[in-house]
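Notes for the one structure printed next.
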Amino acid sequence: MGIRFVLMVNKQGQTRLAQYYEYLNLEERRALEGEIVRKCLARTEQQCSFVEHRNYKVVYRRYASLFFLVGVDNEENELAILEFIHLLVETMDRHFGNVCELDIMFHLEKAHFMLEEMVMNGCVVETSKTNILSPIQLMEKAS
């Protein structure tokens with residue numbers, strides 16, 4: 001499948017956005033998020049951005065006060081996922097103007113919409129920032 005989940009977490013470990021592409025019940029999600037977030041936040045900047053956890057490979061990157069964590073299959077290319085994270089941040093930057101935690105909190109539906117435009121069923125389907133943002137701009141224009 002590729003991407004299993006995408007998490008956006010602040011420096012205190014609070015989840016700001018969570019999108020799963022495989023079924024996990026609420027207890028499993030809560031446990032998984034807690035374990036992964038603790039593991040990634042405890043790492044130093046000198047350590048690599050890839051962590052093996054359970055049957056996932058977690059690729060993460062910190063931008064300002066947000067950590068972007070993506071759980072993928074073990075066969076997935078880590079550098080491609082880092083590039084995906086960067087594209088997601090650039091897309092959000094273009095829309096929000098230097099995306100921060102508050103943008104995600106107050107515009108959660110837009111953040112989810114951008115992610116849904118980019119990823120379908122765990123596969124990256126769109127990489128053009130213009131194509132990702134055009135439906136959001138149309139919705140804003142209509143309202």
Side-chain angles (χ1 to χ4, degrees), residues 1-24 26 28-30 32-143:
M1 181 194 303
I3 297 175
R4 298 298 181 154
F5 58 84
V6 177
L7 301 174
M8 291 181 203
V9 180
N10 68 10
K11 288 192 274 189
Q12 289 77 36
Q14 299 166 316
T15 303
R16 295 301 179 202
L17 180 143
Q19 180 72 44
Y20 288 85
Y21 300 100
E22 67 178 356
Y23 177 76
L24 294 173
L26 200 57
E28 291 171 329
R29 288 181 184 197
R30 192 173 293 132
L32 180 69
E33 286 178 25
E35 294 166 8
I36 289 174
V37 167
R38 275 192 299 278
K39 194 179 259 191
C40 291
L41 267 58
R43 295 171 64 86
T44 66
E45 288 187 24
Q46 286 74 36
Q47 292 177 297
C48 75
S49 297
F50 318 131
V51 176
E52 301 260 339
H53 183 76
R54 294 188 192 173
N55 56 337
Y56 302 108
K57 190 184 307 181
V58 180
V59 180
Y60 69 95
R61 183 111 187 242
R62 179 180 169 200
Y63 286 92
S65 64
L66 281 174
F67 283 84
F68 292 77
L69 297 89
V70 180
V72 297
D73 295 329
N74 285 319
E75 303 85 39
E76 197 69 36
N77 184 338
E78 299 95 342
L79 297 178
I81 299 302
L82 274 176
E83 190 62 33
F84 164 74
I85 294 171
H86 188 68
L87 174 68
L88 178 60
V89 171
E90 282 184 334
T91 304
M92 291 182 169
D93 277 347
R94 184 183 284 186
H95 183 74
F96 296 119
N98 205 8
V99 68
C100 66
E101 181 180 353
L102 290 175
D103 292 321
I104 304 300
M105 289 173 59
F106 292 122
H107 304 286
L108 186 61
E109 69 287 344
K110 289 181 185 174
H112 269 288
F113 194 84
M114 287 178 209
L115 197 54
E116 289 167 2
E117 285 290 311
M118 296 174 75
V119 181
M120 186 177 295
N121 200 25
C123 298
V124 177
V125 294
E126 184 61 73
T127 57
S128 166
K129 291 185 268 279
T130 305
N131 291 347
I132 294 164
L133 292 174
S134 61
I136 295 173
Q137 292 163 347
L138 286 172
M139 287 189 320
E140 287 177 344
K141 199 181 289 185
S143 61

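Treat the numbers as computed from the prediction; the structure is a model and nothing was measured. Atoms considered below: every heavy atom in the structure, side chains included; atoms not considered: hydrogens, waters and symmetry mates.
A ring-ring contact (aromatic ring centres under 6.0 Å, His included) with Phe5 holds for exactly one of Tyr56, Tyr21, Tyr23; it is Tyr56.
For the pair Arg61 (side chain) and Phe68 (backbone), a donor-acceptor distance under 3.5 Å is absent. Of the possible donor and acceptor atoms, none in the side chain of Arg43 sits under 3.5 Å from a partner among the backbone N and O of Glu45. A donor-acceptor distance shorter than 3.5 angstrom exists from the side chain of Lys57 to the backbone of Glu76, with no hydrogens or angles considered. Using a distance-only test at 3.5 Å, with no hydrogens or angles considered, a donor-acceptor pair links the side chain of Gln47 to the main chain of Thr44. Asp73 places no side-chain N or O within 3.5 Å of a backbone atom of Glu75 that could act as its donor or acceptor partner. A donor-acceptor distance shorter than 3.5 angstrom exists from the side chain of Lys39 to the backbone of Glu52, with no hydrogens or angles considered.
In this structure the side chain of Tyr20 reaches within 4.5 angstrom of the side chain of Leu7, judged on heavy atoms. For the pair Leu88 and Ile85, the minimum side-chain heavy-atom distance is 4.5 Å or more. Here the side chains of Arg54 and Ile36 are not in contact, with every heavy-atom distance at 4.5 Å or above. Side-chain atoms of Gln14 and Met105, non-hydrogen and from C-beta on, never get closer than 4.5 Å to each other. Using a 4.5 Å heavy-atom cutoff, the side chains of Met139 and Lys110 are not in contact. When side chains are defined from C-beta on, Met114 counts as touching Phe96, because their heavy atoms get closer than 4.5 Å.
Closest non-hydrogen pair, Val51 versus Cys40, comes out as CG2-SG, 4.4 Å. Here the shortest heavy-atom pairing between Lys11 and Leu41 reads O-CD2, 3.2 Å. In plain terms, the two heavy atoms of Thr127 and Ile132 that are nearest each other are C-CD1, 4.3 Å. When all heavy atoms of Gly13 and Val37 are compared, the closest pair comes out as CA-CG1, 3.6 Å.
Between Tyr60 and Phe67, the ring-plane angle classifies as tilted under the 30° and 60° cut-offs.
The number of heavy-atom neighbours closer than 6.0 Å to CE of Met120, taken from other residues, nucleotides and ligands shown, is 12 or below.
In this structure, CE in Met8 is found 9.0 Å from CG in Leu108, a value given to the nearest 0.5 Å. Atom CG of Asn121 sits about 11.0 Å away from atom CD of Glu22, to the nearest 0.5 Å.
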With side chain to side chain contact (heavy atoms under 4.5 Å, CB included) as the test, would you mind laying out the steps for His95 and Glu140 before giving the verdict? CA-CA 12 Å; His95 183 74; Glu140 287 177 344; 3.2 Å; yes
Taking it one step at a time, do Leu133 and Glu117 satisfy side chain to side chain contact (heavy atoms under 4.5 Å, CB included)? CA-CA 9 Å; Leu133 292 174; Glu117 285 290 311; over 6 Å; no
Decide side chain to side chain contact (heavy atoms under 4.5 Å, CB included) for Leu32 and His53; before the verdict, give the C-alpha distance in whole Å, the side-chain angles of both, and the deciding distance to 0.1 Å. CA-CA 9 Å; Leu32 180 69; His53 183 76; 3.8 Å; yes
Candidate pair Phe84 and Ile3, rule side chain to side chain contact (heavy atoms under 4.5 Å, CB included), full reasoning: CA-CA 11 Å; Phe84 164 74; Ile3 297 175; 4.1 Å; yes
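A salt bridge links Arg16 to Glu101: at least one charged side-chain nitrogen sits closer than 4.0 Å to a carboxylate oxygen.
A search for side chain to side chain contact (heavy atoms under 4.5 Å, CB included) contacts involving Asn55 returns nothing, not counting sequence neighbours. Every residue meeting the side chain to side chain contact (heavy atoms under 4.5 Å, CB included) condition with Asn131, not counting sequence neighbours, appears here in chain and number order: Glu126, Ser128.
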